[in-house]
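As the structure is a prediction and not an experimental result, all values here were calculated from the model. Numbers restart at 1 for each chain; the letters A, B, ... are given by sequence-line order, proteins then strands.
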There are 2 protein chains.
Amino acid sequence: MNNTPVTLKFLAEKLKMSVSTVSKALNNYPTINEYTKKRVQEMARDLHFTPNKSAINLKERKSRIIGVILPNLLDHFFTRSIYGVEQFATQNGYNIIISQSHDDLQKEIQSANMLLRSRVDGLIVAISKNTQDFSHLDQFENLGIPVVYYTRNPSFNLNCHKVLGNTFQGCYQATKFLIDRGHKKIAYIGGPKMINFTHDRFNGYINALKDNGLSFDADLVAYTDFDKENTISAIKNLFANPANNPTAIVAFKEPILFDAIKYLRNIKHPNINEIECVGFGNNSFISYLDSPPVASIEENPESVGENAISLLLKLINKEIDLDNYQKIMVDCKLVVHED
Amino acid sequence: MNNTPVTLKFLAEKLKMSVSTVSKALNNYPTINEYTKKRVQEMARDLHFTPNKSAINLKERKSRIIGVILPNLLDHFFTRSIYGVEQFATQNGYNIIISQSHDDLQKEIQSANMLLRSRVDGLIVAISKNTQDFSHLDQFENLGIPVVYYTRNPSFNLNCHKVLGNTFQGCYQATKFLIDRGHKKIAYIGGPKMINFTHDRFNGYINALKDNGLSFDADLVAYTDFDKENTISAIKNLFANPANNPTAIVAFKEPILFDAIKYLRNIKHPNINEIECVGFGNNSFISYLDSPPVASIEENPESVGENAISLLLKLINKEIDLDNYQKIMVDCKLVVHED
DNA sequence: CAAATTATTTCAAACGTTTGAAATCTATTA
DNA sequence: TAATAGATTTCAAACGTTTGAAATAATTTG
């Protein structure tokens, strides 16, 4: 229970020298005598001196903290992306404070304000489902604190920095893959229409069809808002009319496929073993499923995170101007599941 | 791009009053005139004054930040526990900095040092697999900063605060559940022997057997270190001798069961549909499996997290003495999967 | 209306650093 | 050996708050 905190002043008194000498010695200033440095550094080590970050932040007018706001940590996409952010941030001497909005605008505003008070040097944010107004985030840019939107972003607004998964390319590739495997009737199950990239993915699907001489059939397309009931009914519709009879499915998200597969097994669909599925996610539990998806669209969340923090750091270091808005697309990778 | 930061001084100049009046007005001091308060607060709002946390921390000698060190965020147990921690911390005006050790001691030491520099007011930690030496964590307590170990903890050391899942009770309950369903030959697949609660869980299993008049059979017990190959071979062993022929399995972790189920299906085990499994986890993907576990042992990670932060806050507020070591057990709940 | 209260505001130091400028010490040069 | 240059150390202000003590203003009292 060492009560007196070990500060520069404390070290200075012990060593009978001034606070500035101690500070400079620890920061390896060239004007400080080598022997003095050695003495100071040894004493600092022995007494477990730990520089007070608050004091440094106050003095340097920065915090070396990056704020991250995201909907939640239960979604593997986000936790994996955090991995990339943390890795890169730590390497560059930054810490991150993660704050979950739980897809609630009020909570997101609270988080933003808290991070503003903490004087974060930059912000990485995946907005909540119902963020329409951005004033709580705009305040950062108004103060010169860079903001990078990643994944979930204000799609209509071009005047912000964005790092996104190239969801068009991912969906295109997946559809093409199924076409190459001989499928002619490929169904598409999309996500909620208000989510940014619902459209991009759909376009990837459409374009792949067109580029490969398949015609688009509206009856092969369904949407779900991820609600289980909703998903099931979308799937039912898709298979209701025997004229459709898709032999393959591309899905917005893998869990949709899991529901689809379960449904098809339940109704004992005659072609269950021929139907091939691909979805966004690459969930590690796939290998335990009985009729697993043939492939997954891996969104490389770590890479998305790393690109976001890397861009943010460039903005912080003024290597890129704040108003020189960047948009970075991170390619997806099709992972084929052998068995 | 507002360049001059809005500080108390800035407000004071605008309002032609002293910095202390402004400060006290914002903090609602009773000695400050109501009208003055109103003027100050309005100006602060209009100019988007945001108090500088570094300055406050420096002055108050605390950070209102709680450090959390955990192995990783990919494990749902931890992300769910974070939910509880964050919730409770935010309610009490604390922020959390999460740092992943990736089960690497060096990284854990780094994280600890970083959090020490950040002058966290308290620490919650789930230690890495190979943490034997605790000096990097002991420094916190030496400085009077409370540390609460949760889940993964130094089992041999009683002189520390701990919040743990009641893994004995969970395993007991699960085994009892299977016994009540008529099983006589219940296998147990345990985790790595060096993990703290491997023993507790095993004891839960054993005690449930004994308390219900079943004799313990060493042939029905296997261990795995979670490595896939290792798990498979453990399962093989269990079913190799037809004399064993377990009709139920209790597993240390659900993924073990997934492997087991997959294996049994692969080898077309004759009693596949009669074998009932229970494991720790309550993974949401269970519902998609073809022969899913009959029940899950839900460890209530949110509650574990909440208990950890709640204890930590009591230690910070000196409602509990630092050396009055606490051990809190959070009960598990058996979740039966209907179908 | 001066003195005593009470209400309100301001002063000034402190928290723990950093850093340019000034001061001091040491060694070199003429 | 005094002047100069170079090496090293110290001074002092600043970062943005908080807060007890001191100062001032406004009000009440005798």
Reckon [X] has a side-chain N or O less than 4.0 Å from the OP1 or OP2 of [N]?
| X | N | result |
| --- | --- | --- |
| A/N33 | D/dT8 | yes |
| B/R61 | C/dG16 | yes |
| B/T36 | C/dT9 | yes |
| A/S18 | D/dT10 | yes |

Calculate the interatomic distance between [X] atom [atom1] and [N] atom [atom2]; express it in whole Å.
| X | N | atom1 | atom2 | answer |
| --- | --- | --- | --- | --- |
| B/K37 | C/dA7 | NZ | P | 13 Å |
| A/K16 | D/dT10 | NZ | P | 13 Å |
| A/I32 | D/dC11 | CD1 | C1' | 13 Å |
| B/F10 | D/dC15 | CZ | C1' | 17 Å |
| B/L15 | C/dT10 | CG | C1' | 15 Å |
| A/K62 | D/dG16 | NZ | C1' | 18 Å |
| A/M17 | D/dC11 | CE | C1' | 16 Å |
| B/E13 | D/dG16 | CD | C1' | 13 Å |

Check whether any side-chain N or O of [X] sits under 3.5 Å from a backbone N or O of [Y] as a donor-acceptor pair, and report yes or no.
| X | Y | answer |
| --- | --- | --- |
| B/D321 | B/N324 | no |
| B/R152 | B/V125 | no |
| A/D121 | A/K62 | no |
| A/S63 | A/R119 | yes |
| B/N33 | B/Y35 | yes |

Report, one pair per line, the protein and nucleotides 18-20 of chain D atoms (nitrogen or oxygen only) whose separation is under 3.5 Å.
{"residue": "D/dT18", "atom": "OP2", "partner": "B/S23", "partner atom": "OG", "Å": "2.7"}
{"residue": "D/dT18", "atom": "OP2", "partner": "B/N27", "partner atom": "ND2", "Å": "3.2"}
{"residue": "D/dT18", "atom": "O2", "partner": "B/K59", "partner atom": "NZ", "Å": "2.9"}
{"residue": "D/dT19", "atom": "OP2", "partner": "B/Y29", "partner atom": "OH", "Å": "3.0"}
{"residue": "D/dG20", "atom": "O6", "partner": "B/K24", "partner atom": "NZ", "Å": "2.7"}

- Kindly give the heavy-atom pair with the smallest separation between B/P154 and B/K162, and that separation in Å. O-NZ, 3.3 Å
- Message: Suppose we screen for salt bridge (charged side-chain N to carboxylate O under 4.0 Å, His left out). Which residues come up paired with A/E299, at least two apart in sequence or across chains?
- Response: A/R201
- Item | Ionic contact status for B/K38 with B/E34, cut-off 4.0 Å | no
- Item | Heavy atoms of other groups near B/K14 NZ, more than 12 under 6.0 Å | no
- Closer to the 5' end of DNA chain C via nearest nucleotide, is it B/P30 or A/F49? B/P30
- Task: Scan A/T7 against the nucleic acid and name what it touches under 4.0 Å (heavy atoms): base, sugar-phosphate only, or nothing.
- Result: sugar-phosphate
- Compute the angle between the rotation axes at the two ends of the helix from C/dC1-D/dG30 to C/dA30-D/dT1, each taken over five pairs, rounded to 10 degrees. 70°
